[in-house]
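Side chains are part of it too, since the values below use all heavy atoms of this structure and drop only hydrogens, waters and symmetry mates. These numbers come from a predicted model, not from an experiment.
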Amino acid sequence: AFKLSVTHPAVAHAHTGGCARACRVNDGRVATVALFRSLGCVLYAMCYHESPFERTAGATGSLALAIAQGKYTYPRGKNGGTDAPEQDPYSEQVHNLIDAMLQLDPEKRASLDDIRNML
């Protein structure tokens, strides 16, 4: 199993960026399950062209708080987001995959096998 630890915040800051840094380094270490949260951030960004936490950050005024609390919305429909001009083009299956990867609790977050089974 792949495992990478970053225990010093300066090292973590130098080798990670933006949303991925916040997703992976909240407690000072990077582990396999945390990498799946980063993958969820990437998948959301590929679908919606922004960080999953941008909308919530705009409402609360703090990106770090939105990330730490695991609060995000979809552009329309799911989680109450309504600011997109058209319906969300992605299926509930895609939302479920993103939700599983962005799960705040690492014990409940999707594993590699969970992700494979969802595809």
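- Cys47 has its side chain within reach of Val94: a pair of non-hydrogen atoms, C-beta onward, lies under 4.5 Å apart.
- Between Cys41 and Phe53, the closest side-chain pair of non-hydrogen atoms falls below 4.5 Å.
- The minimum heavy-atom distance between Leu63 and Ser51, with the atom names listed, is CD1-OG, 4.4 Å.
- Aromatic ring pairs are classed by plane angle as parallel below 30°, tilted from 30° to 60° and perpendicular above 60°; the pair Tyr74 and Tyr48 is perpendicular.
- The hydrophobic cluster containing Ile115 also contains Ile98, counting ILVMFWY residues as joined when their side-chain heavy atoms lie under 4.5 angstrom apart, directly or transitively.
- Contact detail for Ala110 and Asp114: the closest heavy-atom pair is CA-OD2, 3.6 Å.
- Nearest heavy-atom pair across Ala57 and Ala66 is N-CB, 4.0 Å.
- For the pair Leu119/Gln93, no side-chain contact is recorded, criterion being any heavy-atom separation below 4.5 Å from C-beta on.
- When side chains are defined from C-beta on, Glu50 counts as touching Tyr44, because their heavy atoms get closer than 4.5 Å.
- A distance of 11.0 Å separates CG in Asn96 from CE in Met101, rounded to the nearest 0.5 Å.
- Counting only distance, with no hydrogens or angles, the side chain of Arg109 and the backbone of Ala100 share no donor-acceptor pair below 3.5 Å.
- A donor-acceptor contact shorter than 3.5 Å links the side chain of Thr56 to the backbone of Lys71.
- There is no path of hydrophobic side-chain contacts, each under 4.5 Å, that joins Phe36 to Val42.
- Tracing side-chain contacts under 4.5 Å through hydrophobic residues (I, L, V, M, F, W, Y), one reaches Leu97 starting from Tyr90; they form part of the same cluster.
- Pairing each heavy atom of Pro52 with each of Leu102, the nearest pair is CB-CD1, 3.9 Å.
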